[in-house]
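Below, read A as the first sequence line, B as the second, and so on, with proteins coming before strands; counting in each chain starts at 1.
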2 protein chains.
Amino acid sequence: MNNPDHSLESLHSKNIKPSYPRIKILEYLMNNHTHPTVDEIYLALVEEMPTLSKTTVYNTLKLFLDNELIKSISIENNESRYDATIHTHGHFKCECCGDIYDFDMNVDGLLSGDLHGFTIIEKSIYFKGICKKCSLRS
Amino acid sequence: MNNPDHSLESLHSKNIKPSYPRIKILEYLMNNHTHPTVDEIYLALVEEMPTLSKTTVYNTLKLFLDNELIKSISIENNESRYDATIHTHGHFKCECCGDIYDFDMNVDGLLSGDLHGFTIIEKSIYFKGICKKCSLRS
DNA sequence: ATATGTGCAAACTGTTTGCAGCCGC
DNA sequence: GCGGCTGCAAACAGTTTGCACATAT
């Protein structure tokens, strides 16, 4: 579990005013590395903050993205997912249960350096398949 | 340029009735490896086929996907792109001009075999950055 | 008092669905 | 004539935008 102050520090380090929704959303992302969708974040927090709106979640996530506090993940084209992990890693999405797992793989070693004049800013590695849980169940 | 018969053969091999829209859409994907969106495919073909509808493009692409004639690509979460190339390769999307380039990289060698019970069905490698053209221009 | 954050409602985009007409065999 | 292909129109989901109210300094 992450220390609650962690999100506060991060906000300060980027000069983002630490409003209550912002703290809570960042905290949620730091504590839950489940790559949640906007909807999941909203539903998880609206209980505790009944006035929270999805617009605020969208606004806040965009702010975090711009300040590189979080990353957005697009494995599937219809759903945007978010993650507060900074270092790049691989993702595995189970086509059966939909869960997304992290893979600790060295992405940096992959095709870095000069690529005929192409500058690489971001690398993404996505796998799809059947996870352990699901293959044992069938 | 691809031989026009190529698409016909592919349709036959999957037992898909070769209707005019189907031939044309598959032909377009085989001749244009630009990873087009549904809109781009539609706009490119509607001139020649004025009655073509986007629904047909969607239907047809879904049919091709189910029969593994094409692949769908999701670098950005809002746009689905399609490609008729069978063998997996890396993609590079320029954040400046939006063009997508192919990378011939050996994806198969990456983390294959048994992964603690996870079965990998599909591997995707996406890079983002600035392409040669754009970095020379600035 | 001013600037900024929040959140409702409406607009918008990409995609899916229901259904009626059409075509080929 | 039948099954399946096509395509209009409407529904739908995720996201964005406009704007008014609230809040903090």
### Task
Round to the nearest Å and state the distance from A:Tyr20 atom OH to C:dT6 atom C1'.
15 Å

### Query
Could you walk me through whether B:His6 and B:Asn31 pass the side chain to side chain donor-acceptor pair (under 3.5 Å) check?
CA-CA 10 Å; B:His6 237 82; B:Asn31 289 335; over 6 Å; no

## Note on the structure
When rounded to whole Å, the CD to C1' distance for the pair A:Glu79 and C:dT15 reads 14 Å

### Query
Does any N or O in the side chain of A:Ser72 come within less than 3.5 Å of the main-chain N or O of A:Tyr82, such that one atom is a donor and the other an acceptor?
no

### Message
Looking at B:Thr37, I'd like to know whether one of its side-chain N or O atoms comes within less than 4.0 Å of OP1 or OP2 on C:dG14.
### Response
no

### Message
In this structure, how many angstroms lie between the P atom of C:dT13 and the CD atom of B:Glu76, rounded?
### Response
17 Å

### Query
Taking CG from B:Asp39 and P from C:dC12, how many angstroms apart are they, rounded to a whole number?
17 Å

#### Entry: CD1 on A:Ile25 to CG on A:Leu11, rounded to 0.5 Å
10.5 Å

### Query
Contact class for A:Asn78 (heavy atom, under 4.0 Å): base, sugar-phosphate, or nothing?
sugar-phosphate

### Query
Can the ring centroids of B:Tyr126 and B:Phe92 be said to lie less than 6.0 angstrom from one another?
no

### Query
In whole Å, what is the span from the CG atom of A:Leu61 to the P atom of D:dT15?
10 Å

### Query
Which whole-number value in Å describes the distance from A:Leu63 CG to C:dT6 P?
9 Å

### Message
What's the closest nucleotide to the side chain of B:Pro21 if the choices are D:dT6, D:dT15, C:dT15?
### Response
D:dT6

#### Entry: Below 4.0 Å: OP1/OP2 of D:dT16 and any side-chain N or O of A:Tyr58
no

### Query
Taking the six-membered ring of B:Tyr42 as reference, does the NZ or CZ atom of B:Lys54 fall below 6.0 Å from its centre and within a 45° cone about the axis?
yes

### Task
Could you check which residues of residues 42-57 of chain A get a heavy atom under 4.0 Å from DNA chain D? Sort them by number, please.
A:Thr55

### Query
Do the non-hydrogen side-chain atoms of B:Ser7 and B:Lys24 ever get within less than 4.5 Å of each other?
no

### Task
Find the distance A:Lys24:NZ to C:dT6:C1' and express it as a whole number of Å.
18 Å

### Query
Around B:Lys14, counting heavy atoms of other residues, nucleotides and ligands shown, do more than 12 lie under 6.0 Å from its NZ?
yes

#### Entry: Interatomic distance, A:Arg22 CZ vs D:dT23 P [rounded to whole Å]
16 Å

